[in-house]
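Read through the structure below, which is laid out as structure tokens, and then see the notes.
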Amino acid sequence: LAYQWSEPSLNVESLKGVRVLVTGASKGIGEQMAYHYARFGAHIVITGRTEKALQQVVKKCKELGAKKAEYIPADMSSTTDPFTVVEFALDKLGGLDHLVLNHIGITSFGLWDGDVEHVRWLLQVNFLSYLQMTKKALPALEESKGSIIVVSSMAGKIFTPFVAPYTATKSALNGFYGSLQHELAMQNRNVSITICTLGLIDTESAMRAVKGRTSLIPSPASEAAWQMIKGGALRQSEVFYPWTTYVYTFFRDWFPSQRDKIIRSSYHLEA
Ligand SMILES: NC(=O)C1=CN([C@@H]2O[C@H](COP(=O)(O)OP(=O)(O)OC[C@H]3O[C@@H](n4cnc5c(N)ncnc54)[C@H](OP(=O)(O)O)[C@@H]3O)[C@@H](O)[C@H]2O)C=CC1
Ligand SMILES: CC(C)[C@H]1SC(Nc2ccccc2F)=NC1=O
């Protein structure tokens with residue numbers, strides 16, 4: 001709560017006409033982020049693999065007030081699509097103000113099955129594709145003094161069962177972008193990086209994945225989306241949503257045994 005109160009309020013005018021690329025926006029939290037940007041009259045490019053879904057989201061973005069809304073289907077497991085997506089966005093938008101790195105590869109919620117090749121694939125989709133897009137977008141973001149919003153998870157900070165490969169990719173994101181934040185600041189390269197730590201959110205994918213495996217209460221995707229946009233626009237280095245993720249993160253190194261007991265009481269081996 002203290003964190004919430006200390007937050008400066010956003011001059012929403014600053015979002016008017018913002019040029020934004022949102023990945024993983026064919027559904028879930030990314031879709032909701034696109035709709036919030038649209039309400040501010042943003043110029044939007046969205047991406048994901050499912051063209052039909054992207055077309056629907058673009059249609060609704062225009063209805064909600066987006067000045068421009070385009071899509072490009074792409075698969076982030078490819079080592080070239082991430083670059084193609086940013087090139088497309090720069091071409092359509094004539095620059096970039098917000099880069100929202102949100103997509104993740106399909107991930108199951110279960111005990112690790114020993115499949116290292118799946119982890120290699122997930123590292124490309126959830127981590128390396130983010131770095132590829134960052135590399136490609138940085139010159140335009142420096143030009144616009146823009147923001148990078150990296151969607152991470154509580155799983156990248158507090159280690160829990162059933163998501164080991166996913167946790168590895170989120171931990172990698174937290175480490176890489178946590179370090180890059182310092183490098184950009186030290187070089188006075190005025191691009192902000194906002195690392196977002198989300199707790200369980202009520203998207204279809206997540207609800208399907210966790211079914212019967214956890215007693216965690218999910219939070220609404222639309223609110224998670226808005227909190228991350230606000231944090232990015234305010235150039236905050238971190239966003240925590242819901243606020244409980246801030247409390248857990250803050251206290252995570254205290255009473256480790258107590259923490260481990262609480263975690264294992266929230267996850268169930270048998271449904
Ligand atoms: N939901 C939750 O409980 C939590 C979510 N988060 C984070 O929030 C973000 C969004 O999660 P959420 O909205 O639940 O996820 P969803 O499964 O609802 O959406 C994932 C998005 O990524 C796209 N995607 C999936 N695979 C690929 C691929 N190979 N290449 C390109 N795009 C792909 C999907 O589109 P398509 O299938 O069309 O490709 C979809 O648009 C993720 O970074 C996740 O880690 C963090 C903590 C909790
Ligand atoms: C992995 C999936 C079910 C959902 S759950 C998640 N992050 C997360 C949040 C809270 C606790 C455990 C977690 F793993 N991120 C997701 O995309």
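This chain uses plain numbering: 1 for the first residue, then up along the sequence. Predicted model, so just to flag it, every value in this text is computed and none were measured. Atoms within each ligand, like the ligands themselves, are counted from 1 in listed order.
Within the set Thr107, Asp81, Val151, the minimum heavy-atom distance to atom 8 (O) of ligand 1 is found for Val151. The closest non-hydrogen atom to atom 26 (N) of ligand 1, taken over Thr23, Leu54, Ile104, comes from Ile104. When Lys27, Met76, Arg208 are checked for heavy-atom proximity to atom 31 (C) of ligand 1, Met76 turns out nearest.
Ligand 1 is approached by Gly199 to a heavy-atom distance shorter than 4.0 Å. Residue contact annotation: Tyr267 has a non-hydrogen atom under 4.0 Å from ligand 2.
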Worked verdict on Thr47 versus His103 for side-chain contact (heavy atoms from CB on, under 4.5 Å)
CA-CA 9 Å; Thr47 187; His103 63 277; 6.0 Å; no
After noting the C-alpha distance and the side-chain angles of Thr214 and Ser266, does the key distance pass the side-chain hydrogen bond (donor to acceptor under 3.5 Å, both in side chains) rule?
CA-CA 5 Å; Thr214 179; Ser266 309; 5.7 Å; no
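In terms of protein heavy-atom proximity, atom 11 (O) of ligand 1 is nearest to Ile29 CD1, 4.0 Å. Here the protein heavy atom with the shortest distance to atom 14 (O) of ligand 1 is Thr203 OG1, 2.7 Å. For atom 5 (S) of ligand 2, the closest heavy atom belonging to the protein is Leu200 CD1, 3.9 Å. Protein heavy atom closest to atom 4 (C) of ligand 2, with residue, atom name and distance, is Ala206 CB, 4.0 Å. Considering only non-hydrogen protein atoms, atom 38 (O) of ligand 1 sits nearest to Thr50 OG1, 2.6 Å. For atom 2 (C) of ligand 1, the nearest non-hydrogen atom of the protein is Ile201 N, 3.5 Å. Regarding atom 37 (O) of ligand 1, its nearest protein heavy-atom neighbour is Arg49 NH2, 2.9 Å.
Set against the non-hydrogen atoms of Ala25, the atoms of ligand 1 under 4.0 Å away are 41 (O). Interface atoms of ligand 1 facing Ala74, defined by a heavy-atom separation under 4.0 Å, are 30 (N), 31 (C). Short contacts between ligand 1 and His103, defined as distances under 4.0 Å to a heavy atom of the residue, involve ligand atoms 22 (O), 32 (N). Ligand-side atoms of ligand 2 in range of Phe109: 3 (C), range being under 4.0 angstrom from any heavy atom. Atom numbering of ligand 1 starts at 1 in the shown order; those under 4.0 Å from a heavy atom of Leu200 are 3 (O). Close approach of ligand 1 to Ser152 (heavy-atom distance below 4.0 Å) involves ligand atoms 46 (C). Close approach to Ala155 involves these atoms of ligand 2, each under 4.0 Å from a residue heavy atom: 13 (C), 14 (F). Within ligand 1, counting atoms from 1 as listed, the ones closer than 4.0 Å to a heavy atom of Ser205 are 16 (P), 17 (O), 18 (O). Those atoms of ligand 2 with a heavy atom of Ala209 less than 4.0 angstrom away are 3 (C). Atoms of ligand 1 found under 4.0 Å from any heavy atom of Gly28 (numbered from 1 in listed order, with element): 13 (O), 18 (O). Interface of Val210 with ligand 2, defined as ligand atoms under 4.0 Å from a residue heavy atom, comprises 3 (C). Close contacts of ligand 2 with Ile104, meaning ligand atoms under 4.0 Å from a residue heavy atom, involve 17 (O). Every atom of ligand 1 is numbered from 1 in the order shown, and the set under 4.0 Å from a heavy atom of Tyr166 is 6 (N), 44 (C), 45 (O), 46 (C), 47 (C).
One finds a salt bridge joining Lys136 and Glu87 here, because a Lys/Arg side-chain nitrogen approaches an Asp/Glu carboxylate oxygen to under 4.0 Å. For Arg49 and Asp75, the salt-bridge test fails: no basic side-chain N is under 4.0 Å from an acidic carboxylate O. Arg213 has no carboxylate O lying under 4.0 Å from a charged side-chain N of Glu270, or vice versa, which leaves the two without a salt bridge. In summary, Arg120 and Glu117 engage in a salt bridge, as defined by a charged side-chain N under 4.0 Å from a carboxylate O.
Residue Ala221 does not touch ligand 1, judged by heavy-atom distances below 4.0 Å. Within the 4.0 Å heavy-atom criterion, the part of Leu216 lying near ligand 2 is the side chain and not the backbone. Looking at Lys170 against ligand 1, only its side chain comes within 4.0 Å, counting heavy atoms. Neither the backbone nor the side chain of Ala155 has a heavy atom within less than 4.0 Å of ligand 1. No part of Pro218 comes within 4.0 Å of ligand 1, judged by heavy-atom distances. Both the backbone and the side chain of Ser26 come within contact range of ligand 1, each with a heavy atom under 4.0 Å. In Asn102, the parts holding a heavy atom less than 4.0 Å from any atom of ligand 1 are both the side chain and the backbone.
Residues Glu238 and Thr194 are not in side-chain contact: their nearest non-hydrogen atoms beyond the backbone lie 4.5 Å or more apart. In this structure the side chain of Trp112 never reaches within 4.5 angstrom of the side chain of Phe162, judged on heavy atoms. Looking only at side-chain heavy atoms (C-beta outward), Ile104 and Tyr166 come within less than 4.5 Å of each other. Two residues are said to be in side-chain contact when any heavy atoms from C-beta on lie closer than 4.5 Å; Leu101 and Ile149 fail this criterion. Two residues are said to be in side-chain contact when any heavy atoms from C-beta on lie closer than 4.5 Å; Trp243 and Gln227 fail this criterion.
Side chains of Asn174 and Ser152: a donor on one and an acceptor on the other come within 3.5 Å. Side-chain contact annotation: Gln181 with Tyr177, donor-acceptor N/O pair under 3.5 Å absent. For Glu223 and Tyr241, the side-chain atoms include no donor-acceptor pair closer than 3.5 Å. Side-chain contact check for Thr203 and Ser205: no donor-acceptor pair (N or O, by modelled atom type) lies under 3.5 Å.
Contact detail for Ala42 and Val20: the closest heavy-atom pair is CB-CG1, 4.3 Å. Taking each heavy atom of Ile158 and Ile263 in turn, the nearest pair found is CG2-CD1, 3.5 Å.
Around atom CD of Glu63, more than 12 heavy atoms belonging to other residues, nucleotides or ligands sit under 6.0 Å away.
Looking at ligand 2, you'll find an N or O of Ser153 within less than 3.5 Å of one of its N or O atoms. Backbone and side-chain nitrogen or oxygen atoms of Tyr166 are examined, and one is located within less than 3.5 angstrom of a nitrogen or oxygen of ligand 2. Considering backbone and side-chain N/O atoms, Gly24 comes within less than 3.5 Å of an N/O atom of ligand 1. Between Asp75 and ligand 1, at least one N/O pair is under 3.5 Å apart.
Checked against the 6.0 Å centroid criterion, the rings of Tyr248 and Trp254 do not qualify as a close aromatic pair. His43 has its ring centre no less than 6.0 Å from the ring centre of Tyr37.
Taking a distance limit of 4.0 Å, we find that atom 2 (C) of ligand 2 is approached by no protein heavy atom.
In the hydrophobic cluster analysis, where Ile, Leu, Val, Met, Phe, Trp and Tyr join through side-chain heavy atoms closer than 4.5 angstrom, Leu216 is grouped together with Leu269.
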